[in-house]
Trainee: 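Structure below; questions to follow.
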Amino acid sequence: MLDMKFVRENADAVLANTANKNERADVARLIESDAERRRLIAETDVLKNKRNVTSEEIATLKKAKEDATAKIEEMRAVGDAIKANDEQLRGLEEEMQTILMRIPNMLHKSVPVGRDASQNVEIRSTVEKIPQEWRKNHVEISKQLNILDFERGAKVSGSGFGFYVGKGATLERAMLNLFLDTHIAQHGYQEMMPPFAVNRASMVGTGQIPKMEDDMYRCADDDLYLIPTAEVPLTNFYRDDVLNEKDLPVKFAGYSACFRREAGSYGKDSRGFLRVHEFNKVELVKFTKPEDSYNELETLTNDVENLLRLLELPYRVILLCSGDTSFNSAKTYDLEVWSPAEQKYLEVSSCSNFESFQARRANIKYRNNEGKLEFVHTLNGSGLATSRIMVAMLEHHQTEDGRIRIPDALRPYTKFDYIG
RNA sequence: GGAGAGAUGGAUGAGUGGCUGAAGUCAACGGUUUGCUAAACCGUCGUAGUGUUUAGGCGCUACCGCGGGUUCGAAUCCCGCUCUCUCCGCCA
């Protein structure tokens with residue numbers, strides 16, 4: 001959520017930014033309502049002041065045992081006027097809130113304007129040349145090695161759910177442990193294990209609601225939502241909290257299962273693990289001082305790249321253009337790994353700086369060294385999600401004789417060197 | 001699931017209709033004193049909205065878990081909700 005004062009003073013920029021993100025919001029209406037709101041507040045505050053002053057006079061009169069009925073009668077009307085104004089004000093603010101919540105975050109000046117993914121910019125790449133040789137795709141090879149089972153996943157849960165079997169399950173667990181250990185021991189994150197179900201306020205806090213509400217699993221009886229990412233509980237950990245400047249940056253690394261309904265996206269990338277309803281992920285979340293957040297975005301991205309190097313997967317880093325940058329984000333780097341079977345890049349991580357956009361909505365502040373309160377900047381990135389990484393692993397480390405080679409960094413965790 | 005108790009500022013903890021944005025204590029910050037530390041003493045010390053001001057500031061309004069209601073006036077009375085704690089039951 002943007003600051004209303006900022007919108008008021010930068011209406012044109014906000015409008016242009018919204019268009020660059022391929023979003024729509026009635027900024028003009030918002031500005032109008034804002035002016036009306038302030039007029040109404042001024043008017044009502046005068047009435048309330050009158051009420052307070054007169055009430056005191058009434059108290060004085062009563063104490064002196066004098067007659068106060070005239071003033072009381074007068075205040076009855078004032079009270080009604082206040083009530084009417086407050087009601088109007090509430091309606092107005094609700095309407096403003098609705099519009100304000102639909103205005104996307106301002107993009108950082110380094111983000112190129114562009115319509116869609118085709119205009120993203122490659123920042124760096126470790127892919128020497130795109131390998132063209134055919135390899136078995138992850139569904140075929142995993143069936144052959146009996147390490148993933150989607151058919152039975154569909155039977156037990158439904159389409160889009162899978163079992164990890166035997167060494168497949170071990171590999172999955174090994175990767176998650178490697179990710180967590182690396183972030184904690186080498187990158188300085190604090191390990192967190194969050195709840196996988198959260199309340200509505202948390203979903204609003206990180207911005208999944210209202211925009212993505214239909215994409216989430218909901219337990220209606222308890223008004224709980226299954227998290228689509230650990231970003232939600234990890235960021236909301238500090239909702240309505242005040243941090244100290246000396247404690248920043250706070251860096252969390254947390255594993256969670258992630259649940260996504262992926263409503264309406266069948267047929268697109270839907271094979272095997274490319275798009276599933278439940279997957280495992282280690283999420284990185286940072287709370288930083290405003291002046292540090294862009295440096296922290298770079299180190300966050302590097303932390304994730306480090307994992308890809310450990311997994312011996314060639315990748316590239318993409319700076320998303322305006323049209324491809326998510327609603328909440330000011331700047332996003334995507335990390336992509338080439339899939340020889342799909343003949344395209346797979347997004348395996350998304351590292352974003354939300355600046356104060358989430359913090360304002362979730363009300364996360366810090367007290368700076370002068371004692372003043374300010375919103376923190378929040379960042380997050382997948383570090384990493386295993387489903388697509390599993391796809392890449394099975395394709396890239398496939399040997400000619402149909403086995404899977406385990407990269408050196410993972411072997412202490414898997415305790416085996418090959419699958420098959 | 002059943003019974004009860006509670007929710008006030010950074011923390012404790014007063015406050016049962018008007019003079020309470022809120023006592024006292026602690027913590028924190030600034031100062032005095034002091035070989036140093038401590039103690040003592042003095043002072044400061046909530047957030048948000050809105051208006052005004054070149055600035056520092058100043059004014060007004062709101063906020064005592066959340067939402068309603070009663071009243072000229074609510075931290076205080078009434079109703080609903082949420083959360084926390086204790087006891088009993090059930091269960092991993």
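Lettering of chains follows the sequences in order, A, B, ..., and the numbering in each one begins at 1.
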Trainee: Using the salt bridge (Lys or Arg N to Asp or Glu O under 4.0 Å) criterion, which residues pair with A:Glu245? Sequence neighbours excluded.
Mentor: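 For A:Glu245, the residues satisfying salt bridge (Lys or Arg N to Asp or Glu O under 4.0 Å) (neighbours in sequence not counted) are A:Lys289.
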Trainee: Determine the interatomic distance between C1' on B:rA38 and the same-named atom on B:rU33; round to the nearest Å.
Mentor: 13 Å
Trainee: Counting just side-chain N and O atoms, does A:Asn49 come under 4.0 Å of either OP1 or OP2 of B:rC60?
Mentor: no
Trainee: Write down the distance separating the P atoms in B:rG46 and B:rG24, rounded off to the nearest Å.
Mentor: 14 Å
Trainee: Filter on side chain to side chain donor-acceptor pair (under 3.5 Å), then keep only pairs touching residues 179-188 of chain A, sequence neighbours left out; what's left?
Mentor: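 Passing the test, one end in residues 179-188 of chain A: A:Asp181-A:Tyr413, A:His183-A:His187, A:His187-A:Asn306.
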Trainee: Starting at atom CG of A:Asn363, determine the distance to atom C1' of B:rC63, rounded to an integer number of angstrom.
Mentor: 14 Å
Trainee: Please measure how far the P atom in B:rA62 lies from the corresponding atom in B:rG67, and state the result in whole Å.
Mentor: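 Roughly 15 Å separates the two P atoms.
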Trainee: Taking salt bridge (Lys or Arg N to Asp or Glu O under 4.0 Å) as the test, write out the residues that go with A:Glu151, two or more places apart.
Mentor: A:Lys143
Trainee: Look at atom CG of A:Asp247 and say whether more than 12 heavy atoms of other residues, nucleotides or ligands are closer to it than 6.0 Å.
Mentor: yes
Trainee: How far, in whole Å, is B:rC81 from B:rG9 if one measures between their P atoms?
Mentor: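 24 Å, rounded to whole Å.
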Trainee: Near RNA chain B, under 4.0 Å by heavy atom, which residues of residues 230-241 of chain A?
Mentor: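 None - not one residue of the stretch has a heavy atom sitting under 4.0 Å from the strand.
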Trainee: Going by the angle between their ring planes, with limits at 30° and 60°, are A:Phe327 and A:Phe357 parallel, tilted or perpendicular?
Mentor: perpendicular
Trainee: Taking only the C1' atom of each, what is the distance from B:rG30 to B:rC85 in whole angstrom?
Mentor: 40 Å
Trainee: Any chance you could encode RNA chain B as dot-bracket? Rule is Watson-Crick or G-U wobble with both distances under 3.5 Å; [ ] for pairs crossing earlier ones, | for another strand.
Mentor: ((((((((.[[[..)..(.....]]].(((((.......))))).(((((((....))))))).[[[[[..)....]]]]])))))))....
Trainee: Are A:Met393 and A:Leu410 close enough, and set up right, to give a side chain to side chain contact (heavy atoms under 4.5 Å, CB included), and what steps lead you there?
Mentor: CA-CA 11 Å; A:Met393 292 286 287; A:Leu410 270 175; 3.6 Å; yes
Trainee: Expressed in angstrom and rounded to an integer, what is the separation of A:Leu373 atom CG from B:rC45 atom C1'?
Mentor: 13 Å
Trainee: Which whole number of Å gives the distance between the C1' atom of B:rA5 and that of B:rG65?
Mentor: 16 Å
Trainee: In whole Å, what is the span from the CG atom of A:Leu40 to the C1' atom of B:rC60?
Mentor: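 In whole Å, B:rC60 C1' lies 16 Å from A:Leu40 CG.
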Trainee: Sequence neighbours left out, what passes salt bridge (Lys or Arg N to Asp or Glu O under 4.0 Å) with A:Glu336? Give chain and number order.
Mentor: A:Arg316
Trainee: In whole Å, what is the span from the CD atom of A:Glu56 to the C1' atom of B:rU20?
Mentor: 11 Å
Trainee: Tabulated below should be each protein N or O lying under 3.5 Å from an N or O of nucleotides 50-56 of chain B; please produce it.
Mentor:
from	atom 1	to	atom 2	distance (Å)
B:rU50	OP1	A:Arg8	NH2	3.4
B:rU50	OP1	A:Arg37	NH1	3.2
B:rG51	OP1	A:Arg38	NH1	3.2

Trainee: Hey, which of these two, A:Glu93 or A:Lys48, hits RNA chain B nearer its 5' end, going by closest nucleotide?
Mentor: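 By nearest-heavy-atom nucleotide position, the 5'-most residue is A:Glu93.
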Trainee: With sequence neighbours left out, what residues match A:Arg173 under salt bridge (Lys or Arg N to Asp or Glu O under 4.0 Å)?
Mentor: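 For A:Arg173 there are no salt bridge (Lys or Arg N to Asp or Glu O under 4.0 Å) partners, ignoring immediate neighbours.
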Trainee: Show me the side-chain donor-acceptor pairs of residues 68-76 of chain A shorter than 3.5 Å, one per line, residues at least two apart or across chains.
Mentor:
from	atom 1	to	atom 2	distance (Å)
A:Thr69	OG1	A:Asp67	OD1	3.0
A:Thr69	OG1	A:Asp67	OD2	3.0
A:Lys71	NZ	A:Glu57	OE1	3.1
A:Glu74	OE2	A:Lys50	NZ	3.3

Trainee: Please measure how far the C1' atom in B:rU25 lies from the corresponding atom in B:rC77, and state the result in whole Å.
Mentor: 30 Å
Trainee: Taking the P atom in each of B:rU76 and B:rA39, what is the distance between them to the nearest angstrom?
Mentor: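 It works out to 39 Å between them.
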Trainee: Roughly, in whole Å, what's the span from CD in A:Glu245 to C1' in B:rA28?
Mentor: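 Those two atoms, CD and C1', are 16 Å apart.
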Trainee: In this structure, how many angstroms lie between the C1' atom of B:rG49 and the CZ atom of A:Arg39, rounded?
Mentor: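 These atoms are roughly 17 Å apart.
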Trainee: Please determine, by modelled atom types, if A:Lys286 and A:Thr299 share a side-chain donor-acceptor pair under 3.5 angstrom.
Mentor: yes
Trainee: How close or far is atom P of B:rC45 from atom CZ of A:Arg367, stated in whole angstroms?
Mentor: 14 Å
Trainee: Hey, are A:Arg261 and A:Asp215 close enough for a salt bridge, meaning a charged N less than 4.0 Å from a carboxylate O?
Mentor: no
Trainee: Answer with yes or no whether the side chains of A:Thr378 and A:Gln358 bring together a donor and an acceptor at under 3.5 Å.
Mentor: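 Note: A:Gln358 and A:Thr378 side chains meet the donor-acceptor criterion.
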Trainee: For A:Phe252, give me all partners under ring pair (Phe, Tyr, Trp, His ring centres under 6.0 Å), at least two apart in sequence or on another chain.
Mentor: A:Phe237, A:Tyr238, A:Phe287
Trainee: How does protein contact run along nucleotides 65-85 of chain B, one letter per nucleotide 5' to 3', with B for base contact, S for sugar-phosphate only, - for none, heavy atoms under 4.0 Å?
Mentor: ---S-S-BS------------
Trainee: Among pairs that include at least one residue of residues 187-196 of chain A, which meet salt bridge (charged side-chain N to carboxylate O under 4.0 Å, His left out), considering only residues two or more places apart or in two chains?
Mentor: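 Qualifying pairs: none.
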Trainee: Is a donor from one side chain sitting under 3.5 angstrom from an acceptor on the other, for A:Glu283 and A:Tyr255?
Mentor: no
